[in-house]
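First comes the structure, then the notes that go with it.
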Amino acid sequence: MAPTNSDIWAQSIMCNDNMRRRFNDEQIKSLENMFETESRPELRTKQQLAKRLGLQPRQVAIWFQNKRARSKSKQLELEYRMLQISYDNLGSKYELLKKEHESLLIQLQRLRKLMEKDEIEKDVIKSETEVKQDDFGLPLALCEDSRGIDYLGPESDILDMAQIADGLSEIENGYNFESRTFLHDNTGCTSPLWEF
DNA sequence: TTGTGTTTTATTGCCTCC
DNA sequence: GGAGGCAATAAAACACAA
């Protein structure tokens, strides 16, 4: 036979002392204050606190246990948010570096075209010189520049540029990428960020 | 009022330490 | 082996939209 409402009410009165009740504001305040100074108080402290607040020592012990669990999960949540922020920052930095990389590649292409053009010009000059040798039957000075032998002409500038271009090629090919340190910074993660 | 999600109190089972 | 802590979970209390 199912219990009537009055049966349930009578039972609730009988069990009143065992019923679960939320702690009042004063009890919570005292427990919180104690937790601030000591999150894992000794048995004696818990007993004294329980007596003062009119609670069972076990209730106080359980409250501290639950409080520690709540506190831990809040802390974890906070750490997660901080990590997310630093992850986002890292993503922004990556995008900036990517753009910088792209502009360097464009610069590299321009330099290569410049070198090709210069090679063609050099070839033209060379063939013209050979023609002059034929006219006089004697070898002509290769360079009559007043700056003398120390100055090697625009070719040396192009050579320097070529060296830079070689370095950039390595970057282009994924070698010698100085920013690898960046990839390891903050995250401690060794996996490539190219997977963004 | 009621259904539903969240918070709080309490229990259980396992682990560690003395 | 007992005491106490922790993680997982149950269940009561509460908040709140519809």
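Every value quoted in this text rests on a predicted model; they were computed, and no experiment measured them.
Base contact: A:Arg70 has a heavy atom under 4.0 Å from a base atom. A:Lys67 comes within 4.0 angstrom of no nucleic acid atom, judged by non-hydrogen atoms across all strands.
Side-chain contact check for A:Glu32 versus A:Lys67: some heavy-atom pair is nearer than 4.5 Å. The shortest side-chain heavy-atom distance between A:Leu114 and A:Arg110 does not fall under the 4.5 Å cut-off. Looking at heavy atoms from C-beta onward, A:Gln48 lies in side-chain contact with A:Arg44 at the 4.5 angstrom threshold.
Atom CD1 of A:Ile28 and atom C1' of B:dT7 are 11 Å apart (whole Å). The distance from atom CD of A:Gln56 to atom C1' of B:dT9 is 14 Å, rounded to the nearest whole Å. If you measure from atom CZ of A:Arg22 to atom C1' of B:dT9, you get 8 Å, rounded to the nearest angstrom.
Salt bridge present: A:Lys122 and A:Glu119 bring a charged side-chain N and a carboxylate O closer than 4.0 Å.
Remark: A:Asp88 CG is packed, more than 12 non-hydrogen atoms of other residues, nucleotides or ligands lying under 6.0 Å away. More than 12 heavy atoms of other shown residues, nucleotides or ligands fall within 6.0 angstrom of atom CD in A:Glu79.
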Worksheet item: What does nucleotides 10-18 of chain B look like as a protein-contact string, B for base, S for sugar-phosphate only, - for none, at under 4.0 angstrom between heavy atoms?
Response: BBB------

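Nearest-nucleotide assignment on DNA chain C puts the 5′-proximal partner with A:Leu43, out of A:Lys72 and A:Leu43.
Dashed line: the shortest gap from a side-chain N or O of A:Arg68 to OP1 or OP2 of C:dA7 is not under 4.0 Å.
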